[in-house]
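Presented below is the structure to which this report refers.
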Amino acid sequence: MVSEHAETESGPAADSTAQVLVASNRGPVSYTLDEDGTLDAKRGGGGLVSGLSAVDDKLWVCAALGDGDREAVRRGVGEPGVRMLDIDAEVHADAYNGIANSVLWFVHHLLYQTPVEPVFDAEFRRQWASYETYNRAFAEALAEEAGPGAAVLVQDYHLALVPGMLRELRPDLRIGHFSHTPWAPVDYFRLLPDDIAEQLLRGILGADRAAFLTRRWADAFIGCCTEILGGTGRTRIGVHGLGADADFLRRRAHEADVDERMAALREQVGEGRRTIVRVDRTELSKNIVRGLHAYRALLETRPEWRERVVHIAFAYPSRQDLAVYRDYTAAVQTLATEINGEFGTESWTPVVLHVKDDFARSLAAYRLADVALVNPIRDGMNLVAKEVPVVSDHGCALVLSREAGAHEELGEDAIVVNPYDVTGTAEALHEALTMSGDERSGRTKRLAEAATALPPQRWFLDQLEALRQG
Ligand SMILES: O=P(O)(O)OC[C@H]1O[C@@H](O)[C@H](O)[C@@H](O)[C@@H]1O
């Protein structure tokens, strides 16, 4: 992520139209408002940014997410090729926090404690109306900006209604929808009220093509459509498994700031110790708490690892507007402190937990890792599992949840775990720590090959080509 001052005046000229449009809640740039009134622009990375860079005639439509973004829209400050929608802040909060992150994310990641939740009441219906308004704002902006017959690629669960709405406004467009999350199995999807479940499916089926990260999630979507609507209609279903960006990662991982952080981490770990590394957003689906329990079980049942291993856990703040995420963050911190209190010695801190986002430090940890722990309850893909083998300095054993999308591509060379099985995960950590150097290197090489099979640009261009072919 690069941070620099924004100098350019806003986006597309009023009468221009684009041939390739991307729509997502979070855009490729965000603004913060400094105390002196300056706007600071921060540019994001990732598959879409990299993919779209291969296209000339393009526009990215996204939402203004905070005060800085809203101020940028008001001042007409922006990036060429990006249109930020200044949707009413309360409508956005209902749609993003209320529906997208608290309902749809929970459904697709199986996160509800079903004896007491979800509760679909009048408050939910009110938030749902905001979700519709927010989706309509995107559909209208896209209809306005798209050239005749343009390709529009709509992203994720935030914008599930957009394809259907846009189809009505602009039947000439080629519309794709891409889900970056898992898709819920039909019995779980049916927790949603029937009319809402139908509306979501019909919304996505407004696209010419609905695509997913793995076959498993695509099949789950087809299953929901078949059972609830009787079929997928004319919408084609695609699978595109986003891979790691090897060129970028290998270059970035050897810059000076990463080397500096490696030296600092080495110091924290101590001479001659092994490392188990995890890097996540502090996200309920990432299963960080059970990961810590598994590490504790390892130290209990295999005391020979005491003093000889350090668990480096990076858990970066995410969705802190939601109480359940704040509570989860606190639980992670409490448990790490407990483990350190229970096992730590004067010269050994068993868990090194960092909660401040730092990409260079993540890369440093990837390079250092002897073992990477990726144990989500459920995950669309999980790019950490793909990035670690690409930048690893000396080979790294991967402990991988069978519920991560990445398992479909990496399962053969990873040590695969059931994410709920703490005892099994502790044993997998032991197996990973005791793997021979040769075995580890061989596996890491094969994992890196599988992880980079579909780099971001190819991933994006494949989708575009498939959509245009009709
Ligand atoms: O809520 P945020 O921070 O914008 O994150 C949303 C994104 O989070 C990612 O982890 C998911 O893979 C995406 O599917 C999703 O769009």
Side-chain angles (χ1 to χ4, degrees), residues 1 22-31 42-49 51 60-66 68-69 84-85 87 92-111 131 134-135 138 153-160 162 177-184 200 204 210-214 216-218 220-221 240-244 278-288 314-322 324-326 328-329 357 359 362 374 376-387 401 403-406 456 459-460 463:
M1 293 221 178
V22 163
S24 65
N25 173 64
R26 189 178 292 279
V29 59
S30 66
Y31 298 90
K42 198 174 185 191
R43 289 170 191 85
L48 282 170
V49 172
W60 192 321
V61 177
C62 57
L65 300 182
D69 287 357
M84 239 181 212
L85 305 179
I87 298 165
H92 184 266
D94 285 345
Y96 174 67
N97 287 323
I99 299 298
N101 288 343
S102 300
V103 176
L104 303 180
W105 183 271
F106 272 54
V107 167
H108 290 313
H109 292 84
L110 320 182
L111 291 175
Y131 183 78
Y134 157 87
N135 272 251
F138 271 83
L153 293 138
V154 179
Q155 309 299 313
D156 242 347
Y157 55 99
H158 313 93
L159 303 179
V162 168
H177 185 276
F178 195 90
S179 292
H180 297 256
T181 60
W183 193 273
L200 285 165
I204 292 178
F212 298 84
L213 286 165
T214 70
R216 184 180 177 195
W217 313 139
F221 176 75
H240 302 271
L242 174 63
R278 75 171 308 137
V279 177
D280 299 283
R281 291 188 297 109
T282 311
E283 161 57 55
L284 311 177
S285 62
K286 301 292 183 185
N287 208 20
I288 304 170
F314 296 164
Y316 299 143
S318 180
R319 303 183 187 166
Q320 294 292 300
D321 288 343
L322 298 178
V324 64
Y325 279 74
R326 293 195 297 276
Y328 190 70
T329 306
D357 197 342
F359 184 55
S362 301
V374 179
I377 291 169
R378 216 168 145 84
D379 209 333
M381 174 56 72
N382 196 294
L383 281 179
V384 174
K386 291 188 163 184
E387 289 167 354
S401 164
E403 304 303 325
W459 169 79
F460 183 80
Q463 289 177 57

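The analysis underlying the following values was restricted to heavy atoms, covering all of them including side chains, and did not include hydrogens, waters or symmetry mates. Counting starts at 1 for both ligands and their atoms, following the listed order.
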When you look at Leu48 and Trp459, which way does the side-chain contact (heavy atoms from CB on, under 4.5 Å) test go after all the steps?
CA-CA 9 Å; Leu48 282 170; Trp459 169 79; 4.2 Å; yes
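- Tyr131 places a side-chain N or O within donor-acceptor distance of the main-chain N or O of His158, the cut-off being under 3.5 Å.
- With hydrogens and angles disregarded, no donor-acceptor distance shorter than 3.5 Å links the side chain of Trp60 to the backbone of Gly27.
- Of the possible polar contacts, none joining the Asn287 side chain to the Val374 backbone as a donor-acceptor pair under 3.5 Å is found.
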Give every pair formed by an N or O atom of ligand 1 and a protein N or O atom closer than 3.5 Å, one pair per line with both atom names and the distance to 0.1 Å, or write none.
from     : atom 1 : to     : atom 2 : distance (Å)
ligand 1 : 1 (O)  : Tyr96  : OH     : 2.5
ligand 1 : 1 (O)  : Arg319 : NE     : 3.1
ligand 1 : 1 (O)  : Arg319 : NH2    : 3.3
ligand 1 : 3 (O)  : Arg26  : NH2    : 3.1
ligand 1 : 4 (O)  : Arg26  : NE     : 2.7
ligand 1 : 4 (O)  : Arg26  : NH2    : 3.2
ligand 1 : 5 (O)  : Arg319 : NH2    : 3.3
ligand 1 : 10 (O) : Arg281 : NH2    : 3.0
ligand 1 : 14 (O) : Asp156 : OD2    : 2.6
ligand 1 : 16 (O) : Asp156 : OD2    : 2.7

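- Ring orientation note: the planes of His92 and Tyr134 are nearly perpendicular, at an angle over 60° on the 30°/60° scale.
- Within the 4.5 Å cutoff, the side chain of Tyr325 has no heavy atoms near those of the Pro317 side chain.
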